[in-house]
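Data first, discussion second: the structure below is written as structure tokens.
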Amino acid sequence: MIAFRRILVIVRQWQLLATILFATAVYLLFSHVPVLEPVGDRVGPFLTSLMPYIIFMMLYTSFCKIRLSELRLHTWHFIIQAIRASLSLLAVGLVFLIDDYTWKVVGIGIFICVVSPTAAASPVITEKLGGNLSSLTAFLVLGNLVTAVLIPLLFPMVNPGADMPFLQSAWMVLRKVSAVLLLPLMLAILTRLFLPRVADWFQHRKNLSFYLWCTNLSIITGVTWQNLLHSGVHGGVLIALLFIPLPVTLLLFTIGKAVGHHYGDSVTAGQALGQKNTSVAIWLTLQFLNPIAAIAPGAYIIWQNIVNAVQLHWKEKYGYLKW
């Protein structure tokens with residue numbers, strides 16, 4: 001009994017890593033045990049189809065906690081968005097520079113990692129790390145507005161082989177992005193104005209977005225394993241898709257922290273640029289780009305959650321962040 005309680009304590013301390021390990025075990029079980037494979041073949045696509053709805057709910061529950069008076073934009077918000085857009089353009093240039101189709105998928109993967117919006121669960125984790133919740137929430141709103149423009153403009157650029165014209169392709173992406181990112185914002189604002197009791201209910205469920213994030217993380221982990229095991233890529237390309245997202249993760253967190261440090265908001269800015277909602281990007285990648293490239297943001301989400309898990313552990317153990 002004591003050993004079981006200790007295990008529960010460890011799981012609570014490392015919830016993000018526990019989610020990844022649990023999802024990995026479940027996926028491998030239902031994809032490699034013959035008697036369970038038919039169940040996995042049916043349930044897997046269904047869970048994947050739920051991703052945009054879970055993303056919607058994550059954002060809606062987060063935005064319902066916003067009081068409009070708290071939405072104050074800061075200078076570093078615009079600097080971080082400018083850095084994100086600039087790095088995304090550099091990644092598009094990298095895709096164009098790679099002639100080999102096999103390796104071009106790595107460039108697309110890097111682009112997806114960089115262009116991804118800030119995670120919907122970032123306010124929850126930022127608050128646990130001692131950051132500024134209202135500041136990051138305002139950044140999250142701004143970031144989703146920028147994403148609704150940035151992704152439709154850049155996605156067609158990295159997929160010039162598509163059969164439809166650029167503007168038509170951009171409009172198609174914009175419609176899907178708007179439905180997932182902007183609609184929950186508008187509904188949350190209406191909820192706050194006309195159904196304040198409903199908004200207050202979400203306000204007191206501080207971990208709801210976090211648990212929705214863990215649910216999406218488990219689905220993304222499964223999708224990552226599926227893409228990994230069925231991609232047909234191997235050797236250097238596979239290693240690059242799995243491990244290049246690690247330095248990208250560390251780079252984005254570092255840049256964000258450096259900008260935030262200048263404005264006295266290091267933790268918040270680090271999470272704003274480094275903690276990505278790659279579930280949006282993976283979903284869009286499966287829709288419009290090379291499915292193999294989805295391995296990279298899948299790996300990114302694992303690396304970023306390892307970073308956040310270590311940070312949360314340090315915060316709980318030492319009372320402050322070492323990085």
Check for me, please, whether [X] and [Y] land in the same ILVMFWY cluster - side-chain distances under 4.5 Å, paths through other members count.
X: Leu90; Y: Trp103; answer: yes
X: Leu21; Y: Ile219; answer: no
X: Leu97; Y: Val92; answer: no
X: Leu193; Y: Leu183; answer: yes

Modelled atom types, side-chain donor and acceptor of Ser134 and Asn132, under 3.5 Å: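 The criterion, which ignores hydrogens and geometry beyond distance, is satisfied for Asn132 and Ser134.
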
When you look at OH of Tyr263, are more than 12 heavy atoms from neighbouring residues, nucleotides or ligands closer to it than 6.0 Å?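 Enclosed.
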
Looking at [atom1] of [X] and [atom2] of [Y], how far apart are the two atoms once the value is rounded to the nearest 0.5 Å?
X: Gln81; Y: Phe139; atom1: CD; atom2: CZ; answer: 4.0 Å
X: Leu241; Y: Ile292; atom1: CG; atom2: CD1; answer: 8.0 Å
X: Thr215; Y: Met51; atom1: OG1; atom2: CE; answer: 12.0 Å
X: Gln311; Y: Gln271; atom1: CD; atom2: CD; answer: 5.5 Å
X: Ile255; Y: Leu87; atom1: CD1; atom2: CG; answer: 5.5 Å
X: Ile151; Y: Ile112; atom1: CD1; atom2: CD1; answer: 9.5 Å

Do the ring planes of Tyr60 and Phe56 sit parallel (below 30°), tilted (30 to 60°) or perpendicular (above 60°)?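 Rings of Tyr60 and Phe56: parallel, under 30°.
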
Sorted by chain and residue number, the side-chain hydrogen bond (donor to acceptor under 3.5 Å, both in side chains) partners of Ser31 (sequence neighbours excluded) come out as none

Tell me, please, which residues at least two apart from Trp303 pass side-chain hydrogen bond (donor to acceptor under 3.5 Å, both in side chains). none

4.5 Å side-chain heavy-atom contact, [X] and [Y]:
X: Leu89; Y: Phe111; result: no
X: Ile244; Y: Ile110; result: yes
X: Ser116; Y: Val114; result: no
X: Asn216; Y: Leu212; result: no

Pair Ile301-Lys276, side chain to side chain contact (heavy atoms under 4.5 Å, CB included): steps then yes or no: CA-CA 7 Å; Ile301 206 169; Lys276 296 290 190 176; over 6 Å; no

Which heavy atom in [X] sits nearest to a heavy atom in [Y], and how many Å separate them?
X: Gln226; Y: Tyr27; result: CA-OH, 3.2 Å
X: Lys104; Y: Val95; result: NZ-O, 2.7 Å
X: Ala269; Y: Trp76; result: CA-CZ3, 3.6 Å
X: Ser135; Y: His74; result: OG-CD2, 3.5 Å

Taking Arg72 for the side chain and Ala138 for the main chain, is one N or O donor matched with an acceptor at less than 3.5 Å?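 No.
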
Between Asp200 and Arg192, does any side-chain N to carboxylate O distance fall below 4.0 Å? yes

